[in-house]
Each structure stands twice: as structure tokens, then as C-alpha cells.
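Notes follow the structure.
In what follows, chains carry the letters A, B, and so on, assigned in the order in which the sequence lines appear, proteins first and then strands, with residues in each chain numbered from 1.
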Protein chains: 2
Amino acid sequence: MEQEILAAAEKLFLAKGFALTSTTEIAREAGCNQALVHYYFRTKERLFQAVFEKLARLFVSTFLQIDEEDLSFEERLQKKIEAHFDIISANPALPVLFFNELSTNPQRLEEFRSRVSEIPSGIFQRLREDLEREIARGAVRPMDVFELVLTVVSLNVGLFLTAPLFKALTGITDERFQELAVRRKSENVRIVLTAVKP
Amino acid sequence: MEQEILAAAEKLFLAKGFALTSTTEIAREAGCNQALVHYYFRTKERLFQAVFEKLARLFVSTFLQIDEEDLSFEERLQKKIEAHFDIISANPALPVLFFNELSTNPQRLEEFRSRVSEIPSGIFQRLREDLEREIARGAVRPMDVFELVLTVVSLNVGLFLTAPLFKALTGITDERFQELAVRRKSENVRIVLTAVKP
DNA sequence: GCATTATTTAATTGTATTATTAAATACGCG
DNA sequence: CGCGTATTTAATAATACAATTAAATAATGC
């Protein structure tokens, strides 16, 4: 049952955020008594943390993965952008929840910060090294690793942040939106690769 | 007093969102009794709508403005990107509130949709015409107007969505962040202008 | 100055929600 | 089976909140 509660919580938190989701609702979705939610997770806050940590890990995981494949910088960058896009595409509500919680709840930000600091030598170390090498070679314009990550995240996240709005305004079907997303993914790759050129 | 309540509501809604802000808190911030909030706005929902509509209007206003100046397409595009960036820069919490509310509240989305449909001939009509002319001229790669707007909004919004995270992780001062934002604005212009090239 | 309306407050109601407690049921193992 | 533990439920306490009401105060026009 614990897993059903977690799954129900994830679904509802993603759909409505922390504040608008009640433990009663989570219990109903999971098919159990409301008290059971508290039996397993004590407080709504702790339940949310469990969900959020998993999602946050998912969200940033792409940039942590070290691909040992023998690819060029551009090819590796492309893979990272696409992997990141795919994760968000599979969890389109994730960015809104992620940014909203980190923006409106200082405590959440602090938790996130302490978790990230557990990771030694910075999360973008490998990417930074790659980038600096390419810059030294003159193959990439001088830029900070954060600049690059920000561009990628901004572009990848943008489609899904605006998706509800876009769908409501255009009345696009989910299938056609999916097609559009596929095109957008490669477009994002193109934009980033063009943007990093010197 | 009505204006103080509106201002207090705007401040708190931007900081904590709709659900986590109470009318009691708004009253305290405005320096009045809680009942007065309801006297002027009847419900918390209606107060929020008043705030949100103003903010939403601000957020999309940039793309509606028709600049009659005799500038090239690229120059006009640059002006629009910069104006949009400046508005968000002046209201950094706006994007989170905007996307969160439109994503988590179907009613809000419907209100927004009906408001937008009041505007005749579509909000991006002028921009679309300009864009299609440039495409016909071969000066701009074939693309939909939504693609372009999405790219601009994604890039402009990205910095401020990630700002709390970025600040927490790097401990950057507000002044240095401001400098960074200025650079980012011109960088966004560069990226977009490069991306639209054929 | 008085009557009328607008503004503001204090008090209260109803309700939703988190969290706890104690009891009931299922489950595993000797 | 039967004992102990884990799981689940029902009931309820405690609280925070939106919203209403009635009364008080201030402002406005005559």
C-alpha cells in the first residue's frame, strides 16, 4: 500500500501542487483510509519530500550521467539535451512543480541545496571540463557552464511550461502535440549547437 | 485601502502563490482587518483574479505592442525580446506564478482563454505577418510564429525560473545577479537572432 | 448638524484539513 | 492453532481558514 500512496501522491502533487492536494484526496486516489497516509509518512510534508526528492533527482539526473562513449563534444551535448527533453516529455508537469516549490518554499530550496552539496566536486564538473577544453580549442565560444545549462534547460522546459496554455489556445490534440514535441526537441538541439558556435 | 489590499495581495501571491496565501495575511500586510479584504473583493478567488489578470496582461503585453518605428525585422524582434526580458526582470516571480496557476487550475486557464479571445484577429497577427514576409524573402528560416515566441519566452523566462536555485547554489549577490541578467538579455537576443537565420 | 452612505472592525459560523488515538483486522511464524 | 506484529480503519481532536453578520466609525452631501 505504501507504494500506491506514493504513486497517488506523485500524481496529485504533479497535477495540483503541494498546497492544493489533501491527504484525504491522496488516500482516495490510492484506495485507502486517510489515516494510512499518515501511518506510512507521518506528515504530508514528509510525504511530499519523498515524492519531490525522487522527481528532483530525475530532473537533474541527465546532466550528472557520465557517458563513456567515444563521441565528440557536440554529439555528447546533443545526447544530453535529448535525454533531458525526453525525461521532461515523460513528466510534463515536473517543471512547474519543481520551480514553483523551489520558488515559493524557502525550506524546499534549503533541502535541495544540502542534497546537491552531498555530491562531491560539483554536479557539472565533467561537463565543465569538456566545455573548457572545447573553448581552449576554439571550437566553442567562451562561456560559463551555467550559461550552457541554462540555455538547454530553458528551451527544454519552455514547451511544457507553456503547454497547457498552448493547448487551451489552439485546441491542439495530444497526438499532434506529441508530434510537435518531437520536432521541438531537434529544434532545441539545433538552437543550442548553433548558439555555442564561436 | 482597496489599493493597499491589492498591492499586498500582489506581493504575497507572487511570493507564495494562491493557495499558501491567506486573506488574514493579506490584511495584515495591507494594515487592515481581514473582513475588509472580503468587503472589497468578496472572495479570495476574485481578489486573486484581479491580481492575476493585471499580471497576465503585463506578461503578454510585450508581444501585443505594435511599434510603428521604421526598423528592420531583426531590430524590431530585438526590441521585443528586450522589452519582454525587462518586464520579467522587473517582476521576477511572475513566470512561476503565471505558469503554476495556469497549469494547476483549469478554471484559471479557461478565464485566460476567454480573455485572449476577446482580442480580435489573434494576439500574434502582426508578428506573424512580419515573420511570413521575412520567410518569403528568404531572410528567415521557415517557422511558425509560435515557434519563435516559444523560443523567446523560454529563454527569457528561464533565468528567473532558475534564479532561486541558482542563487541558493552559488550564493551570488543580488548585484552580481543583476549584472548577469543584463548579459543574459543580450545573449538571449543573440541566440534568437542566430536561430532564426536560414 | 443631520441623515445617508461608505468604510472598518469585532465576533462568529461553517468547513476543510492535518494529525492523533484506539480499536479492529490481516498476516506471518512457531 | 495462537501469539505477536504489521496494517488498516473509524472516530475525533485541534486548528486554520474563508466567508458572513452586525455593529461601529468615518466621510459626504444637504
Those residues at least two apart in sequence (or on a different chain) that pass salt bridge (charged side-chain N to carboxylate O under 4.0 Å, His left out) with Arg190(A) are Glu187(A)

How would you list, by chain and number, every residue that makes a side chain to side chain contact (heavy atoms under 4.5 Å, CB included) with Glu132(B), sequence neighbours excluded? Arg128(B)

Contact span of DNA chain D against chain A, any nucleotide atom under 4.0 Å from a heavy atom, 5' to 3', runs dA6(D) to dA10(D)

Pairs counted as Watson-Crick or G-U wobble with both distances under 3.5 Å: what dot-bracket string results for DNA chain C, using | for bases tied to another strand? ||||||||||||||||||||||||||||||

Can I get a per-line list of side-chain donor-acceptor pairs under 3.5 Å for residues 151-167 of chain B, giving both atom names and the distance, sequence neighbours left out?
from	atom 1	to	atom 2	distance (Å)
Thr151(B)	OG1	Arg184(A)	NH1	3.4
Thr151(B)	OG1	Arg184(A)	NH2	2.8
Thr151(B)	OG1	Glu147(B)	O	2.9
Ser154(B)	OG	Leu150(B)	O	2.6
Asn156(B)	OD1	Asn188(B)	ND2	3.1
Asn156(B)	ND2	Ile81(B)	O	3.2
Asn156(B)	ND2	His84(B)	ND1	2.9
Thr162(B)	OG1	Gly158(B)	O	2.9
Thr162(B)	OG1	Leu159(B)	O	3.2

Residues which pass salt bridge (charged side-chain N to carboxylate O under 4.0 Å, His left out) with Glu111(B), listed by chain and number, not counting sequence neighbours: none

Pairs under 3.5 Å (N/O, protein and nucleotides 12-18 of chain C):
from	atom 1	to	atom 2	distance (Å)
dT18(C)	OP1	Thr23(A)	N	3.4
dT18(C)	OP1	Lys44(A)	NZ	3.2
dT18(C)	OP2	Thr23(A)	N	3.0
dT18(C)	OP2	Thr23(A)	OG1	2.8

Residues in side chain to side chain contact (heavy atoms under 4.5 Å, CB included) contact with Ala168(B), at least two apart in sequence or another chain: Leu109(A), Arg113(A)

So, for Arg133(B) and Arg76(B), which heavy atoms are closest and what is the spacing to 0.1 Å? NH2-NH2, 4.0 Å

Of the residues in residues 3-14 of chain B, which ones touch DNA chain D at a heavy-atom distance under 4.0 Å? none

Output every pair passing salt bridge (Lys or Arg N to Asp or Glu O under 4.0 Å) with a member in residues 24-43 of chain A, not counting sequence neighbours, ordered by first then second residue. Lys11(A)-Glu29(A), Lys16(A)-Glu25(A)

Name each donor-acceptor pair under 3.5 Å that joins a side chain in residues 173-180 of chain A to protein atoms two or more places apart or in another chain, with its distance.
from	atom 1	to	atom 2	distance (Å)
Thr173(A)	OG1	Arg176(A)	N	3.2

Arg108(A) charged N/C atom sitting above Phe18(A) aromatic ring, 6.0 Å / 45°: yes

same_hphob_cluster(Val51(B), Leu20(A)) at 4.5 Å side-chain heavy-atom cutoff: no

When the distance from CG of Asn33(A) to P of dT20(C) is rounded to whole Å, what number comes out? 15 Å

Partners passing salt bridge (charged side-chain N to carboxylate O under 4.0 Å, His left out) against Lys185(B) (at least two apart in sequence or in another chain): Asp86(B)

For a quick check of understanding: with a heavy-atom distance under 4.0 Å over all strands, which category does Tyr39(A) fall into, base, sugar-phosphate or nothing? base

Spatial distance of atom CG (Asp144(A)) from atom CG (Leu131(A)) [nearest 0.5 Å]: 8.0 Å

Quick one: closest heavy-atom pair of Ser186(A) and Arg183(A), and the distance? OG-O, 2.9 Å

